[in-house]
Protein chains: 2
Amino acid sequence: METPKNPLSIDVRIREGFSRIATAMRIEEWKKAKEVGLNPTQLAVLALLEGRKDGLNVKEIAAHLGVSQPSATDSIAALEKKEHLEKRAEQGDRRAVRVHLTSTGLAAVQRDAGGDLAEQAVGSLEEREQEHLLLSLIKMIRHLQESGAIPLQRMCVTCRYFAPFAHPDGERPHHCHFVDAAFGQRELRVDCRDHDETDPPSRAATWEAFQAGQPNLQAP
Amino acid sequence: METPKNPLSIDVRIREGFSRIATAMRIEEWKKAKEVGLNPTQLAVLALLEGRKDGLNVKEIAAHLGVSQPSATDSIAALEKKEHLEKRAEQGDRRAVRVHLTSTGLAAVQRDAGGDLAEQAVGSLEEREQEHLLLSLIKMIRHLQESGAIPLQRMCVTCRYFAPFAHPDGERPHHCHFVDAAFGQRELRVDCRDHDETDPPSRAATWEAFQAGQPNLQAP
DNA sequence: TTGAATAATGTAGGAGTCCTATGTAATCTG
DNA sequence: CAGATTACATAGGACTCCTACATTATTCAA
């Protein structure tokens with residue numbers, strides 16, 4: 001018993017919503033990338049590499065960007081020409097390379113950071129709403145990565161240092177064993193550079209505990 | 001008093017989350033577009049035009065895609081060559097054209113619909129969570145369009161037919177005067193083809209009423 | 001009403017993305 | 001050790017995307 005026309009399910013409308021926000025983000029990315037003489041893809045590669053001490057393989061870069069390996073090679077070559085990154089030999093495998101930022105490349109990413117429109121739009125939400133949104137995104141990302149659609153992300157919920165709901169404190173229920181401190185749901189990381197992944201079984205267990213500890217959602 | 005490293009604010013982490021989901025969506029879009037012999041941009045143009053009886057200008061297409069006008073011309077030309085769309089003269093302005101789907105183009109979009117990974121990921125959320133998510137997206141999109149970052153979308157909250165919280169019924173509080181029926185928060189449209197926009201003042205009033213009627217959010 | 005702004009597209013030129021298919025080493029496996 | 005597999009590069013081609021600029025058409029004002 002659908003009411004207005006377009007009897008679409010909520011999933012579809014949410015996907016539409018994501019797509020509008022993605023458009024806005026792409027526009028911003030062009031703006032920001034141009035400021036440092038790059039394009040969004042190139043800036044994305046640099047951002048991906050930032051804070052990865054061991055760099056990444058070509059294949060890994062392709063997976064994170066969601067493009068084919070030759071496409072990643074293309075972008076890497078373009079950035080190499082601009083001396084924003086360099087390839088180093090992989091220890092113990094002479095086929096492979098590890099891609100690292102150069103200091104020029106690092107400077108470019110860092111100059112880029114901050115103050116974009118998507119963040120402003122998030123800022124227009126209430127605090128509680130932001131927290132809900134972050135949690136929903138984490139759930140969706142987890143779903144996507146467990147189904148193999150995207151590579152494993154460096155999120156708390158897949159990290160060996162993460163202890164969900166380890167504290168009775170409602171404001172800071174989680175614990176990070178890497179920094180050995182309690183933290184709240186609002187602090188959950190999507191891309192933590194100290195992330196250290198666990199094997200799938202303990203990942204599942206962590207996720208169980210994380211889900212089980214969540215307070216029930218109320219009607220909006 | 002940040003706890004784990006990366007003292008990023010929640011806005012930034014949410015943006016990161018959006019970006020991961022955008023990656024997954026882009027991968028899916030390639031897959032779906034290839035099935036009909038197109039690429040994601042071309043399919044996006046067709047999808048944009050579907051159900052727009054009056055078509056769109058080149059400029060409008062560019063704005064919805066978030067690209068420059070010459071880029072839109074490129075994609076339109078590619079699709080025109082494939083006979084998926086056609087240009088018609090704009091009445092009363094001989095500079096302008098209106099771009100319309102052909103039947104071939106319509107067939108291509110319709111063949112594309114449904115069953116993508118992003119929707120599955122949304123499906124992994126609880127109902128209440130989906131509802132929250134849709135509301136948050138609508139708020140963000142509204143923010144983006146009011147700030148001029150993206151064009152006006154065909155959402156209920158900017159539609160002249162939309163009467164927010166017109167009914168005491170908690171499940172179906174809203175009313176659509178176009179179909180003259182009550183509907184619930186889960187049915188809020190992001191891209192309704194029956195949308196008819198209002199002037200900014202009444203838009204603001206509608207938004208006020210919509211916001212004011214929202215139940216308070218609880219802690220997640 | 002004529003001439004300058006302004007507006008909607010199109011064209012040119014160039015960098016770069018993205019694909020598939022294939023080539024070339026190096027490494028693994030039975 | 002031969003054959004499979006893996007990591008990456010190359011080749012070729014279609015497009016996307018940009019910035020300038022050119023072409024008409026429309027609008028606005030003097």
Side-chain angles (χ1 to χ4, degrees), chain A residues 22-23 25-46 48 55-82 84-99, chain B residues 22-23 25-46 48 54-82 84-99 151:
Chain A
T23 299
M25 285 176 67
R26 219 158 4 97
I27 297 173
E28 274 297 296
E29 279 159 15
W30 262 106
K31 208 174 295 174
K32 288 167 64 167
K34 262 188 303 191
E35 284 172 18
V36 292
L38 301 173
N39 64 41
T41 305
Q42 294 175 357
L43 195 51
V45 173
L46 298 187
L48 182 60
L56 287 174
N57 287 331
V58 174
K59 195 181 74 170
E60 291 167 337
I61 292 174
H64 277 282
L65 260 50
V67 299
S68 69
Q69 168 263 308
S71 296
T73 297
D74 280 346
S75 296
I76 291 167
L79 285 165
E80 215 178 351
K81 203 168 60 187
K82 296 179 185 173
H84 283 318
L85 50 77
E86 63 190 7
K87 292 180 199 156
R88 299 182 194 160
E90 164 95 66
Q91 294 292 346
D93 187 344
R94 284 177 304 168
R95 292 169 305 184
V97 294
R98 299 211 72 85
V99 180
Chain B
T23 298
M25 286 176 67
R26 219 156 6 96
I27 297 173
E28 274 298 296
E29 279 160 15
W30 262 106
K31 208 174 296 176
K32 288 167 62 168
K34 261 188 303 189
E35 285 171 18
V36 291
L38 301 172
N39 64 40
T41 305
Q42 293 174 358
L43 194 51
V45 174
L46 299 188
L48 183 60
D54 302 323
L56 287 174
N57 287 331
V58 174
K59 195 180 77 170
E60 290 167 338
I61 292 175
H64 278 280
L65 259 49
V67 299
S68 68
Q69 168 265 309
S71 295
T73 297
D74 280 345
S75 296
I76 291 166
L79 285 164
E80 214 176 355
K81 203 168 58 186
K82 296 179 186 173
H84 284 318
L85 50 77
E86 62 189 9
K87 292 181 198 156
R88 299 181 195 160
E90 165 95 66
Q91 295 291 348
D93 187 342
R94 284 177 303 168
R95 293 169 303 182
V97 294
R98 299 210 73 85
V99 180

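Lettering of chains follows the sequences in order, A, B, ..., and the numbering in each one begins at 1.
- A residue-by-residue look at B:S71 and B:G37 shows that B:G37 has its nearest nucleotide of DNA chain D further toward the 5' end.
- Applying the side-chain contact (heavy atoms from CB on, under 4.5 Å) rule to B:E35 yields no partners; only residues at least two apart in sequence or on another chain are considered.
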Quick one: do A:Q42 and A:K82 satisfy side chain to side chain contact (heavy atoms under 4.5 Å, CB included)? Show the steps, please.
CA-CA 11 Å; A:Q42 294 175 357; A:K82 296 179 185 173; 3.0 Å; yes

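- Taking atom CD on A:E29 and atom P on D:dT16, their separation rounds to 19 Å, with Å as the unit.
- Of the candidates A:R26, A:K31, A:K32, A:E28 forms a salt bridge (Lys or Arg N to Asp or Glu O under 4.0 Å) with just one, namely A:K31.
- A salt bridge does not link B:R98 with B:E86: every distance from a Lys NZ or Arg NE/NH1/NH2 to an Asp or Glu carboxylate oxygen is 4.0 Å or more.
- When the C1' atom of D:dC15 is taken as reference, atom CG of B:L38 falls 12 Å away, rounded to whole Å.
- Contact annotation: B:K82 reaches the phosphate of D:dC15 (side-chain N/O to OP1 or OP2, under 4.0 Å).
- The shortest side-chain heavy-atom distance between A:L46 and A:H84 falls under the 4.5 Å cut-off.
- Counting to the nearest Å, the P atom of D:dT23 and the CZ atom of B:R94 are 18 Å from each other.
- When atom types are taken as modelled, the side chain of A:N57 and the backbone of A:E60 share no donor-acceptor pair closer than 3.5 angstrom.
- Taking 4.0 Å as the cutoff to heavy atoms of chain A, we find the contact window on DNA chain C bounded by C:dG16 to C:dT27.
- The shortest distance between the side-chain N/O atoms of B:S68 and the OP1/OP2 oxygens of D:dC18 is below 4.0 Å.
- Atom CD of A:Q42 and atom P of D:dT16 are 19 Å apart (whole Å).
- To the nearest 0.5 Å, atom OG of residue A:S71 and atom CG of residue A:L65 are 9.0 Å apart.
- Other residues, nucleotides and ligands place no more than 12 heavy atoms under 6.0 Å from the NZ atom of B:K59.
- Taking only side-chain nitrogens and oxygens, B:K81 never comes nearer than 4.0 Å to OP1 or OP2 of D:dA14.
- Axis orientation changes by 20° from one end of the helix from C:dT1-D:dA30 to C:dG30-D:dC1 to the other, with each end axis drawn from 5 pairs and the value rounded to 10°.
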With 3.5 Å as the limit, what N/O pairs link the protein to nucleotides 7-9 of chain D?
from	atom 1	to	atom 2	distance (Å)
D:dA7	OP1	A:K59	NZ	3.3
D:dA7	OP2	A:K59	NZ	3.2
D:dC8	OP1	A:V97	N	3.0
D:dC8	OP1	A:V97	O	3.1
D:dC8	OP2	A:K59	N	3.3
D:dA9	OP1	A:K87	NZ	2.6
D:dA9	OP2	A:T73	OG1	3.4
D:dA9	N7	A:Q69	NE2	3.0

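- At a cut-off of 3.5 angstrom, counting only N and O atoms as typed in the model, there is no donor on one side facing an acceptor on the other between the side-chain of B:N39 and the base of D:dC15.
- Applying the side-chain contact (heavy atoms from CB on, under 4.5 Å) test to A:P40 and every residue at least two apart in sequence or in another chain returns A:E29, A:W30, A:A33.
- Checked against side-chain contact (heavy atoms from CB on, under 4.5 Å), B:D74 has no partners two or more places apart in sequence or in another chain.
- In terms of heavy-atom proximity, B:H64 sits nearest to A:T23 at O-CG2, 3.6 Å.
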